[in-house]
Amino acid sequence: MLMKVYKSNEIKNIALLGADGSGKTTLTESLLFESGQIVRRGRITQKNTVSDYFPVEQDYGYSVFSTVFHTEWKGKKLNIIDCPGSDDFVGAATTAMAVTDTTVLLIAGARGVEVGTQNHFRYTEKLRKPVIFLVNQLDDEKCDYEQILNDLQIVYGPKVVPVQYPISTGPEFNALIDVILMKKLSWPAEGGKPVVEEIPADQLEQAQAMHKVLVEAAAENDETLMEKFFETEQLTEDEMREGIRKGLVTRSIYPVFCVCAGKNMGVGRLMEFLGNVVPFVDEMPAVHNTRGEIVPVDNDSPASLFFFKTGIEPHIGEVQYFKVMSGSVAEGDDLTNADRGSKERISQLFVCAGAQREKVERLHAGDIGCTVKLKDVRTGNTLNAKDVDHRFNFIKYPNSKYTRAIRAVNEAETEKMMAALSRMHQEDPTWIVEQSKELRQILIHGQGEFHLRTLKWRLENIDKIAVEFSEQRIPYRETITRAARADYRHKKQSGGAGQFGEVHLIVEPYSEGMPEPTVYKFDNQEIRIAVKGKEEIDLEWGGKLVFINSVVGGAIDSRFMPAILKGVMSRMEQGPLTGSYARDVRVIVYDGKMHPVDSNELSFMLAGRNAFSQAFKEAGPKVLEPIYDVEVFVPADKMGDVMGDLQGRRGMIVGMESENGYEKLQAKVPLKEMANYATSLSSLSGGRASFIMKFASYELVPGDIQQILVVEHEKEQQES
């Protein structure tokens with residue numbers, strides 16, 4: 001039987017987030033069980049859950065990929081994406097938040113607000129997504145609900161409003177006070193359906209106070225409700241729901257719910273709230289395409305599908321997950337890939353529940369589904385119906401912060417390894433593969449050690465390719481610190497036509513906005529410059545080469561200038577100190593000689609290359625290293641340890657500030673010192689700190705380090 005087709009005003013899209021161990025996978029089982037989607041709740045220990053169904057997840061015991069599933073609740077469809085908790089797999093969380101509308105942010109009862117909570121909330125801020133806080137594991141003996149609520153209100157302010165609170169926490173937990181319903185809900189030891197009762201006398205005062213705060217918070221989001229509240233200080237249950245829904249959309253209220261997902265206590269009430277109060281897809285702000293045009297959630301517009309996730313599954317191959325951005329799609333529809341120009345037919349259409357797929361004949365705007373057997377669709381592509389040309393790029397992935405060089409143990413499997421890596425990048429775009437010509441390495445960039453360890457596990461266990469990781473080489477640069485001159489004559493005579501070219505040139509450091517050259521002095525010899533021609537070359541590896549022709553009197557024919565430049569460029573690609581790329585150099589060719597018969601392009605290319613090389617070595621050459629801006633989010637009690645560690649990595653602290661209960665350290669750190677930082681920071685902070693990094697600039701390396709690098713390069717040259 002085909003599943004019912006839902007319209008945009010019947011669909012809700014929800015992301016399930018939370019730090020590792022907060023219970024998202026267990027909650028997923030309870031949500032599906034409550035809605036009747038499954039008849040028996042799976043357990044992580046038994047490896048039979050709807051989420052975490054990939055072998056790597058079952059082997060490691062934590063989520064690696066997001067799991068898309070749906071459930072039907074009283075005539076509404078809820079699409080829910082269960083996301084990995086580890087910051088290493090933040091790509092999945094970023095994607096889920098971008099294609100859903102509301103975020104349910106789980107908090108582990110025993111641990112409270114932690115760095116994972118902070119990181120995920122920060123992403124919801126950037127994307128302006130509604131947030132519901134969900135305190136889970138209330139039966140943990142270390143759970144202190146009042147402290148968690150207090151911390152949430154300190155960090156996120158008065159927008160944090162409890163909808164429920166437990167009468168007690170710990171192993172004896174079995175009852176909540178619900179301040180929307182103004183009822184007590186209690187459960188038998190095995191969980192399930194609650195007993196609904198009047199609030200006991202000893203809880204009534206607290207419940208009424210919380211109810212009043214909630215009513216006021218709901219009323220603030222609607223003028224009509226506000227007027228009624230001022231008159232009566234009361235709202236009906238439906239009016240409260242309406243006020244909370246509007247407050248969620250504008251992020252002016254963050255409701256707090258309570259569950260014990262492991263015992264299925266409170267989950268049914270959460271489902272009611274998700275079904276009754278969370279905004280529908282057509283109530284959220286419309287998305288813009290890449291041209292900045294609004295794309296309304298409209299069932300009657302031409303179809304446009306955005307592909308946000310690719311899964312690779314045994315016996316099936318690629319499973320492509322998409323969101324219907326506008327219009328509707330049915331089996332048999334022919335669409336065009338806006339990014340690749342290819343035509344695609346949607347031969348099969350499914351809705352998802354983890355590894356299970358259910359056929360559906362049509363999906364409308366705002367809905368989420370999947371398909372198989374597409375010819376040429378990649379993550380991030382858009383498929384459009386005729387006369388539509390939408391493209392979308394609203395998913396912004398975080399910068400990489402952990403890099404390793406990778407090689408196949410058996411070199412003959414390199415090509416097979418590259419194909420597997422390319423496929424894995426489709427599944428998780430934060431696994432980035434780079435073939436570095438400069439470093440002569442294949443690099444894998446990711447979010448942390450776990451992230452890359454998972455990639456290695458999959459290559460070795462699924463693709464059967466043995467691989468090795470090693471530290472990446474550092475992309476140093478070379479430049480000069482003073483002006484120098486050199487001349488070089490290339491002459492070769494061996495019967496017949498010979499080779500002859502002579503080049504005199506000056507090199508000097510280049511900086512943006514420097515004046516044109518006029519006169520130089522070397523060994524009491526004055527050289528006057530008259531600029532005849534100038535080329536500014538933006539180097540693909542960063543920085544500039546400025547090449548000036550100042551030859552007068554026809555000493556070198558202008559037709560040989562491109563050959564001289566070619567010779568200079570070939571030496572820029574291999575600096576004399578460490579063999580690294582050179583940058584930020586101005587070269588002035590001011591004189592030379594040519595032969596009417598023997599001069600040719602090759603002669604002047606070699607003369608230019610050698611003259612440049614000699615001058616560069618005399619111009620105070622220096623090695624530059626890449627410096628990164630690093631932001632570390634760290635609990636206050638670990639601040640000193642983290643600062644000391646950064647300074648030990650030659651880091652320069654440039655700023656400190658408090659942000660939502662955490663300290664934010666800003667530093668500039670050489671890339672060379674960041675190789676194992678993700679692992680070290682986790683160890684230093686007990687997993688409670690996180691960081692982001694991005695390239696800032698190239699700076700001179702200290703003299704002692706330059707000497708080591710030069711010696712290492714000379715040794716490599718001798719060995720090769």
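All figures in this text were calculated on a predicted structure; none of them were measured in a lab. FYI, the numbering just counts along the sequence from 1.
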Salt bridge flag under 4.0 Å for residues [X] and [Y]:
X: K246; Y: D222; result: yes
X: E114; Y: R111; result: yes
X: R340; Y: D376; result: yes
X: K228; Y: E239; result: yes
X: E242; Y: R245; result: yes
X: E216; Y: K212; result: no
X: D87; Y: K401; result: yes
X: E331; Y: K359; result: yes
X: E272; Y: R269; result: yes
X: D334; Y: R345; result: yes

Is there a donor-acceptor contact under 3.5 Å from the side chain of [X] to the main chain of [Y]?
X: H211; Y: V179; answer: yes
X: N136; Y: A261; answer: yes
X: K24; Y: L17; answer: no
X: R391; Y: A338; answer: yes
X: Q426; Y: R423; answer: no
X: Q137; Y: G21; answer: yes
X: D428; Y: M424; answer: no
X: N299; Y: S328; answer: no
X: K76; Y: N9; answer: no
X: R251; Y: K129; answer: yes

Closest non-hydrogen atom pair between [X] and [Y], with its separation:
X: P398; Y: T430; value: CD-CG2, 4.3 Å
X: T100; Y: A15; value: OG1-CB, 3.4 Å
X: G446; Y: H451; value: CA-ND1, 3.5 Å
X: L235; Y: A218; value: CD1-CB, 4.3 Å
X: L248; Y: P255; value: CD2-CD, 3.6 Å

Compute the centroid of each ring, for [X] and then for [Y], and state whether the two points are separated by less than 6.0 Å.
X: Y254; Y: F121; answer: yes
X: F308; Y: F322; answer: no
X: F89; Y: F450; answer: no

All side-chain hydrogen bond (donor to acceptor under 3.5 Å, both in side chains) counterparts of R128, not counting sequence neighbours: none
Just jot down the salt bridge (charged side-chain N to carboxylate O under 4.0 Å, His left out) partners of D282, sequence neighbours excluded, or say none. none
Do [X] and [Y] get their side chains close enough for a donor-acceptor pair, meaning under 3.5 Å?
X: S8; Y: H364; answer: no
X: H445; Y: N399; answer: no
X: D238; Y: T236; answer: no
X: N393; Y: T290; answer: no
X: S690; Y: N119; answer: yes
X: N79; Y: D367; answer: yes
X: T379; Y: Y321; answer: no
X: D88; Y: Q447; answer: no

List the steps and the verdict of side chain to side chain donor-acceptor pair (under 3.5 Å) for T336 and N384. CA-CA 5 Å; T336 302; N384 292 316; over 6 Å; no
Under the criterion side chain to side chain contact (heavy atoms under 4.5 Å, CB included), I'd like the reasoning laid out for L383 against I346: C-alpha separation, chi angles, the key distance, then a yes or no. CA-CA 10 Å; L383 293 187; I346 306 296; 4.2 Å; yes
Test side-chain contact (heavy atoms from CB on, under 4.5 Å) applied to K373 and Q348, Q320, E318, E344, the passing residue: Q348
Pick out which of V155, I154, L149 makes a side-chain contact (heavy atoms from CB on, under 4.5 Å) with V160. L149
Quick check with a 6.0 Å cut-off and a 45 degree axis cone: is R362 positioned over the face of Y6's six-membered ring? no
Within 45 degrees of the axis of the six-membered ring of F306 and under 6.0 Å from its centre: does K323 put its NZ or CZ there? no
Is it true that, when you exclude K7 itself, more than 12 heavy atoms of the residues, nucleotides or ligands shown sit nearer than 6.0 Å to its NZ? no
Near E293 CD, under 6.0 Å, is it more than 12 heavy atoms from other residues, nucleotides or ligands? yes
Roughly how far, to the nearest 0.5 Å, is the [atom2] atom of [Y] from the [atom1] atom of [X]?
X: K159; Y: S252; atom1: NZ; atom2: OG; result: 6.5 Å
X: I132; Y: L270; atom1: CD1; atom2: CG; result: 7.0 Å
X: L335; Y: T382; atom1: CG; atom2: OG1; result: 11.0 Å

When you look at T67 and I81, which way does the side chain to side chain contact (heavy atoms under 4.5 Å, CB included) test go after all the steps? CA-CA 5 Å; T67 303; I81 305 183; over 6 Å; no
Between T103 and Y123, is the side chain to side chain donor-acceptor pair (under 3.5 Å) condition met? List the steps. CA-CA 10 Å; T103 297; Y123 294 127; over 6 Å; no
Hey, are the side chains of [X] and [Y] touching, using non-hydrogen atoms and a 4.5 Å cut-off?
X: V297; Y: S326; value: no
X: F392; Y: S304; value: yes
X: I14; Y: L78; value: yes

Should I80 and T28 be marked as a side chain to side chain contact (heavy atoms under 4.5 Å, CB included) after you check the CA-CA gap, both sets of side-chain angles, and the distance that decides it? CA-CA 9 Å; I80 302 177; T28 298; 5.8 Å; no
Side chain to side chain contact (heavy atoms under 4.5 Å, CB included), that's the test. Do E237 and I180 meet it? Break it down for me. CA-CA 7 Å; E237 194 179 320; I180 290 184; 3.8 Å; yes
Start with the C-alpha gap between E361 and K4, add the side-chain angles, then the distance that decides, and say whether salt bridge (charged side-chain N to carboxylate O under 4.0 Å, His left out) holds. CA-CA 9 Å; E361 64 181 24; K4 178 187 166 185; over 6 Å; no
